Amino acid sequence: MPMTARLRTGWKLYAALLLALLLAAGFLSAAAPEQETAYSLSGGPGWLVHLGDLPVTPDGAFDAAGADWRPMQEIREAFKGQRFTGMFWMKQTAPPMPVDGASLYVRDQKSFELYLDRQKLASVNFSPYDFRVNAPFQWRILPPPAGFEGKTLYARVYFDDRQLRPGQFSLGSGSGFWSSLLRQDINNAVLSTLFFGLGAFALFLFIQNRDNRLYWYFSLFAIFAGYGCAERSLLLPVLVHAPLFHYYHDVALPMCTFAFLAFLEQMYGPGKWKLRRRLWQTMLAFSAVCIAVGMKDAVMYKDMIRYVFPALFLPVFAGTAGVIVRIFLKQRDRETLWSLCGARPAAAVHVPAFALIVNTGLPAFVAAHFPALYRMWPDQIFAGVFLFLSCLGMVLVGRFTQVHRQVRTYAAELEEKNERLMEVARLKDEFLANTSHELRTPLNGIIGLTESLLDGIGGPLDPRVRSNLQLVVSSGKRLANLINDIMDFAKLRHRDLQLNLEPVRLRERTDIVLAVFAPLARKKGIELAGRIGDALPPAAADGNRVEQILYNLIGNAIKFTESGRVWVEAALEEGRLRLSVGDTGIGIPAEKQEAIFEAFEQVEGSSSREHGGTGLGLPISRKLVELHGGSLTVESSPGQGSVFKLTSPVWTGQAEAEPVAGRTAAEDAPDPALQTLRLTMPPAYPAAAEPAESEAAAPGRRPAKRAGRPSCQR
């Protein structure tokens with residue numbers, strides 16, 4: 001089965017399993033009674049209320065004489081839908097204990113003090129008072145003192161909200177309360193876990209592909225939904241002490257809406273007049289306003305969530321659903337179909353839920369006639385969000401499988417093209433190597449015959465004829481040097497260049513190269529100096545390759561030095577030989593110092609560059625040094641010259657002319673630069689003749705200089 005099919009099947013099975021788990025948890029939560037042995041003190045005519053405060057002494061005693069006690073139901077009717085801010089007292093005669101060792105459970109009051117006759121039992125968020133508390137999710141379990149029955153229970157409450165309410169006061173066993181809370185929180189625990197899991201998965205996908213913001217907004221949607229759902233748990237405030245975090249959990253709904261609208265924009269674009277973008281920006285701004293208002297007034301903050309948000313959400317949701325339907329009728333693609341499938345259950349649960357929130361009398365009716373439904377309705381919003389999010393997750397699965405399919409297609413095409421390019425590169429290298437080999441024999445013959453004519457084998461020569469023959473020799477040697485470089489480069493690329501290690505005296509090899517370059521140095525007025533002592537131990541190297549490296553380095557130094565000096569020195573440092581070739585030439589900019597060691601690279605690549613060269617000398621020299629087990633580096637500043645430094649191991653007594661073990665190009669680590677080079681033909685040389693001394697000065701290397709201004713080409 002293809003990966004995309006397995007992914008879709010796995011997602012469907014995952015969604016089905018989670019939905020079954022969710023329904024089971026929901027029914028278990030709905031069927032769970034508040035507590036079988038509990039006795040409720042809330043509601044009904046049991047509570048008598050006195051509006052206003054009563055005198056309370058510092059030791060907790062209070063004077064209830066002159067209080068105006070009226071039934072709670074009468075007071076609530078008087079303040080129905082209105083905001084009450086201030087103090088009120090409640091009292092009720094304590095009933096018998098329903099079970100031995102019963103506890104008092106108090107919920108849905110954010111600030112209160114509790115008294116039994118004149119004895120204070122508890123003080124919760126009273127002094128100091130913090131209005132940023134969600135009363136429905138704040139609760140306490142208090143053990144009442146002995147002799148509870150028959151005494152008067154007083155509650156001193158500071159209230160700042162709409163619809164004056166007594167809160168929930170119940171008597172029962174402590175274990176029964178905890179068991180009831182656990183059963184009620186199963187649904188929230190399962191839902192929030194699923195939300196956070198989906199959010200983490202989408203966030204992981206976004207980190208892997210940051211250009212696709214669809215994953216980012218899906219992750220935000222899931223995380224905010226998980227936050228809002230988790231904060232509806234009664235046990236979370238006990239496990240995590242973060243009052244402000246609990247207080248703002250209602251903002252999760254507008255933030256989910258913002259993330260959903262931004263998700264749609266990523267799917268379908270900003271829309272006409274960028275309407276979808278304006279909608280999610282509006283919802284994000286509304287969330288920010290809610291947070292700012294919540295820092296000043298808790299009641300206004302709740303009113304914005306309770307009344308303003310539904311007024312914004314319902315038309316936006318209806319309009320968005322209409323747009324999705326219209327897009328589906330035009331395109332009939334799977335992504336839009338999944339969006340519609342998710343919108344249906346979301347609408348089915350959100351509309352009744354908002355009706356219960358806005359209509360304050362409807363919850364009492366539902367609680368009286370459908371108690372199981374009443375216990376489920378606070379969680380149905382997030383159940384609908386989960387179903388909607390699961391359908392949007394199928395959109396992500398579809399996008400992921402599409403990308404995976406495209407990646408496989410591109411990978412196959414890239415592999416095919418890479419094989420073709422490798423074959424073309426191989427044929428090109430073979431062609432250049434074979435052509436270079438075939439050119440070298442007749443070219444050497446031309447050079448030899450021409451030099452014989454210059455030596456007078458055919459008799460005296462006219463000066464003009466001699467000049468032309470010298471030009472032939474010069475041009476032939478240029479081509480011979482180029483052919484040698486190309487063949488060396490081809491060997492390094494194909495890793496079949498072998499070194500024959502022997503004890504090499506650096507002074508002897510250096511003196512040979514300096515003697516060859518001496519005429520050219522005298523012509524330019526450059527001082528040549530060798531500073532290598534006789535006591536220096538021999539290097540373990542291939543002598544011919546050492547001379548080739550020295551020809552490259554010293555020839556470059558003379559070529560790029562207009563006046564001053566060129567020197568060569570060597571020393572023994574930390575058991576290795578270090579040889580330096582320095583000059584007082586034009587120097588190399590810092591940003592170009594590594595580029596000169598790349599094949600066919602020039603510090604200045606324009607057609608007007610002054611100094612010739614193919615750009616192979618230094619790259620080949622560095623590879624040869626590395627094959628010897630050393631390194632080649634440069635230190636330079638523009639206008640202040642350059643110093644090339646190479647290191648080499650010291651000879652330890654191996655037999656002479658023995659091929660070095662483990663030091664062939666095939667056994668060394670591959671050079672990515674050499675493996676990925678595009679081999680191109682070097683630019684043609686100008687036809688101007690150069691003095692014979694130049695050509696004699698650098699066998700194995702290119703001529704030193706052309707007339708004109710200095711440049712920094714190497």
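Note that the structure is predicted; figures quoted are calculated from it, not measured.
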Inset, instruction - Classify the angle between the aromatic ring planes of F131 and Y247 as parallel (below 30°), tilted (30 to 60°) or perpendicular (above 60°). - result: perpendicular

Inset, instruction - Keeping to residues at least two apart or across chains, list the salt bridge (charged side-chain N to carboxylate O under 4.0 Å, His left out) pairs with something in residues 129-139. - result: D130-R132

Legend entry - salt bridge (charged side-chain N to carboxylate O under 4.0 Å, His left out) contacts touching residues 217-226 (sequence neighbours left out): none

Inset, instruction - From the options L236, V240, D250, select the one residue that forms a side chain to side chain contact (heavy atoms under 4.5 Å, CB included) with E231. - result: L236

Legend entry - Parallel, tilted or perpendicular: rings of F644 and F597 (30°, 60°): perpendicular

Inset, instruction - On the 0 to 90° scale, with breaks at 30° and 60°, tag the W178-W139 ring pair as parallel, tilted or perpendicular. - result: perpendicular

Legend entry - Side-chain donor-acceptor contact under 3.5 Å, N125 with S111: no

Legend entry - Shortest non-hydrogen separation from R276 to Y268 and the atoms involved: NH2-O, 3.5 Å

Legend entry - salt_bridge(R232, D185) N-O dist < 4.0 Å: no

Inset, instruction - Answer yes or no: does atom CZ of R576 have more than 12 heavy-atom neighbours from other residues, nucleotides or ligands under 6.0 Å? - result: yes

Inset, instruction - Before accepting this row, confirm whether a basic side-chain N of the pair E594/R622 lies closer than 4.0 Å to the acidic partner's carboxylate O. - result: yes

Inset, instruction - Run the salt-bridge test on K302 and D161 with the 4.0 Å N-O cut-off and return the result as yes or no. - result: yes

Pair up each side-chain donor or acceptor in residues 279-289 with any protein partner under 3.5 Å, not counting sequence neighbours, and list the distances.
residue	atom	partner	partner atom	Å
W280	NE1	E265	OE1	2.5
T282	OG1	R278	O	2.7
S287	OG	M283	O	3.0

Could you give the side-chain donor-acceptor pairs of residues 192-208 under 3.5 Å, partners two or more places apart or in another chain?
residue	atom	partner	partner atom	Å
S192	OG	N188	O	2.7
S192	OG	A189	O	3.1
T193	OG1	A189	O	2.7

Inset, instruction - On the 0 to 90° scale, with breaks at 30° and 60°, tag the F137-H249 ring pair as parallel, tilted or perpendicular. - result: perpendicular

Inset, instruction - Quick one: list whatever passes side-chain contact (heavy atoms from CB on, under 4.5 Å) with D108, sequence neighbours left out. - result: A135, P136, R165

Inset, instruction - Determine, for K623 against E626, whether the closest basic-nitrogen to carboxylate-oxygen distance falls under 4.0 angstrom. - result: yes

Inset, instruction - Please determine which of Q109, H246, K110 meets the side chain to side chain contact (heavy atoms under 4.5 Å, CB included) test together with V133. - result: K110

Inset, instruction - With sequence neighbours left out, write down each residue that passes side-chain contact (heavy atoms from CB on, under 4.5 Å) with L329, or none if nothing qualifies. - result: V325, R332

